[in-house]
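Here's the structure, in structure tokens; my notes come after.
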Amino acid sequence: MIYLDHNATTPVAAEALQEMRDVLERVWANPSSAHGPGQAARRVLADARTRIARFLGCGPTELVFTSGATEANHMAVLGACNARRRGAHCGRRRLVLSAVEHPSMMALAARVRDSGCPVDVIPVDGEGRLDLQAAHALIDTDVVLVSVMGANNETGVLMPVAELAEIAHTQGALLHVDATQVVGKSVQRFADSAADLWSVSAHKFNGPKGVGALVVRKGLDWPGLLAGNQERGRRGGTENLPGIAGFAAAAEGAALDLAADVDRMTALRERFESGLKRCSAQLNAPLTIYGCATQRLPNTSLVRFGELKAEHVLRALERTGVIAASGSACCSGRDLPSHVLLAQGESPQYARCAVRFSLGRHTTSEEIDAALLAVQRVLGSLLNTRH
Ligand code: PMP
């Protein structure tokens with residue numbers, strides 16, 4: 001199998017598995033217990049927190065562990081709804097987010113809107129670039145929180161976080177960045193970003209599923225979703241210690257050679273896209289590469305082969321052992337056109353044709369060449385059967 005769907009999830013790294021197994025077997029006490037085994041568990045938790053904070057570039061006390069990025073995003077947005085009624089941002093009414101946020105974020109925005117909190121949407125252009133002029137016009141002193149992803153999970157297009165932070169902060173609003181796709185695929189760190197809140201998820205960089213964090217900038221009093229005493233009162237519930245230990249091990253693994261991994265993925269993606277262009281020229285088949293005229297993650301290639309529907313291409317590719325995806329895993333199976341491509345002005349018909357190849361840090365050039373060969377065969381046969 002050649003797995004090219006790393007934006008959906010990544011395989012669990014051996015060191016993460018090992019550390020999780022170790023914690024499950026040896027450190028099963030409750031970190032909140034006062035007795036010796038509980039305190040030993042608390043030390044493991046504190047150690048994992050320090051290691052993860054080092055990787056993300058934040059302080060250990062800025063980390064609030066969650067069940068993943070979906071929960072972290074909820075904590076950011078619902079916390080903002082709360083902040084409208086109390087504290088330093090009291091009286092501000094609106095939330096602003098981009099048109100290409102993760103499906104769970106779009107669904108949350110709809111709920112928030114239904115509950116009476118206005119949410120405005122910043123559009124993107126045909127390349128998926130955020131419209132900063134529109135952002136300027138939408139973000140004023142009535143806005144409590146601006147929320148944007150660091151990079152889009154479908155196109156890989158990077159969002160202008162620094163510029164947006166400048167706009168938000170000038171108006172006294174906070175900035176939340178859903179950094180889920182950025183961590184492990186770029187050298188960006190929380191400390192260097194101007195974000196106030198940052199969502200991350202361990203399973204996107206070879207950690208386990210079901211664990212992540214919201215980074216809350218020091219000094220920001222941010223209420224949690226779950227009442228209780230854990231996480232300094234910001235997230236109740238017994239901590240997922242094996243998951244957090246796996247998160248820490250994966251973070252250290254990702255940090256090891258991050259800059260080199262980014263360069264390698266960039267070169268492999270380039271090799272892949274050059275190969276796709278050659279193949280499309282040979283077969284006289286149209287090829288669109290979304291977002292290629294702007295800055296993208298190093299690992300993501302969202303492409304359309306003329307009018308071939310993604311589901312046909314993907315099924316044929318899988319028969320040859322190549323695993324790719326159409327849009328977000330969280331929307332697949334619903335036969336909806338990608339909301340990201342619709343926001344970029346693509347037609348619903350073409351938005352159903354986009355195929356996403358996302359590389360991992362262990363993807364090899366041999367796998368890329370084999371995937372290209374598979375694409376060539378699949379396109380050849382699908383184009384033949386159509387004529
Ligand atoms: N945000 C983005 C940008 C994502 O890509 C994902 C995962 N597809 C999520 C949020 C949700 O993350 P999790 O699976 O940890 O809830």
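Atoms within each ligand, like the ligands themselves, are counted from 1 in listed order. For reference, positions follow the sequence shown, starting with 1. If you're wondering where the values come from, they're calculated on a predicted model, not measured in any experiment.
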Compare all side-chain heavy atoms of Asp192 with those of Phe190 and state whether any distance is below 4.5 angstrom.
-> no
For ligand 1, which atoms sit closer than 4.0 Å to a heavy atom of Asn153?
-> 5 (O)
When you look for heavy atoms under 4.0 Å from ligand 1, do you find them on the side chain of Lys204, its backbone, both, or neither?
-> side chain
Which segment of His203 sits under 4.0 Å of ligand 1 when only heavy atoms are counted = side chain
Polar side-chain atom of Asp125 near backbone of Arg129 as donor-acceptor pair, under 3.5 Å = yes
Can you sort out which atoms of ligand 1 are near Ser201, meaning under 4.0 Å from one of its heavy atoms?
-> 13 (P), 15 (O)
Salt bridge (Lys or Arg N to Asp or Glu O under 4.0 Å) contacts in which one or both residues fall within residues 108-120, not counting sequence neighbours | Arg94-Asp120
If you measure from each heavy atom of Glu71 to ligand 1, is any distance below 4.0 Å?
-> no
Give the ring-plane orientation class for Phe55 versus Phe205, where under 30° counts as parallel, over 60° as perpendicular and anything between as tilted.
-> tilted
CG of Asn284: more than 12 outside heavy atoms within 6.0 angstrom?
-> no
Enumerated ligand 1 atoms positioned under 4.0 Å from heavy atoms of Gly68 = 15 (O)
Hey, is Thr70 touching ligand 1 through its side chain, its backbone, both or neither, going by heavy atoms under 4.0 Å?
-> both
Would a line drawn from the ring center of Tyr350 to the ring center of Tyr290 be shorter than 6.0 Å?
-> no
